[in-house]
Amino acid sequence: AKFRKQNKLEALTAVWNEQVAQWKDNVTDEEAIRRVYLEQSLKCRETAIKFGLHDENAVRHYLRNEEEEDEDDSSNGVALEETGLEDSEKQTTDTNIEAIVVKQSCVPSAA
């Protein structure tokens, strides 16, 4: 939340500075304001992607460990059937993880 607030402030400041410069020159260039904002928001997007990739890797690691524990449990005499889950529910695939990541990345943040 702290980073988001800082990023919003930096974007607002960049747009404000561009507007002030245009007012002083008595010009109006919406495209320049747009470019300034996009440059600033690109930094935010890159940071969000890095955090998302980190989270994705953490989930993959967690799920890999869960699968290994399930295998250890079955070799220690604990039958997987005792969990009450269907085989399809026990399997975690990369496709499922990617679907979760894509769904999360499509959620818009508050402006």
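Listed by first and then second residue, the ring pair (Phe, Tyr, Trp, His ring centres under 6.0 Å) pairs involving residues 39-69 amount to none (not counting sequence neighbours).
How far CD of Gln19 is from OG1 of Thr28: 9.5 Å, rounded to the nearest 0.5 Å. Taking OG1 of Thr13 as the start and CD of Gln6 as the end, the distance is 10.5 Å to the nearest 0.5 Å.
Looking at residues two or more places apart in sequence or on another chain, you find no side chain to side chain donor-acceptor pair (under 3.5 Å) involving Glu30. With sequence neighbours excluded, no residue satisfies salt bridge (charged side-chain N to carboxylate O under 4.0 Å, His left out) with Glu46.
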Quick one: side chains of residues 35-42, donor-acceptor pairs under 3.5 Å with protein atoms, not counting sequence neighbours, listed by atom name and distance.
unit_1, atom_1, unit_2, atom_2, d
Gln40, NE2, Glu10, OE1, 3.2
Ser41, OG, Tyr37, O, 3.3
Ser41, OG, Leu38, O, 3.1

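Taking Ile, Leu, Val, Met, Phe, Trp and Tyr as hydrophobic and joining them when side-chain heavy atoms fall under 4.5 Å apart, one finds Ile49 in a cluster with Leu53. Clustering of Ile, Leu, Val, Met, Phe, Trp and Tyr by side-chain heavy atoms under 4.5 Å joins Leu12 with none of the others.
Closest heavy-atom contact between Ile33 and Glu18: CG1-CG, 3.8 Å.
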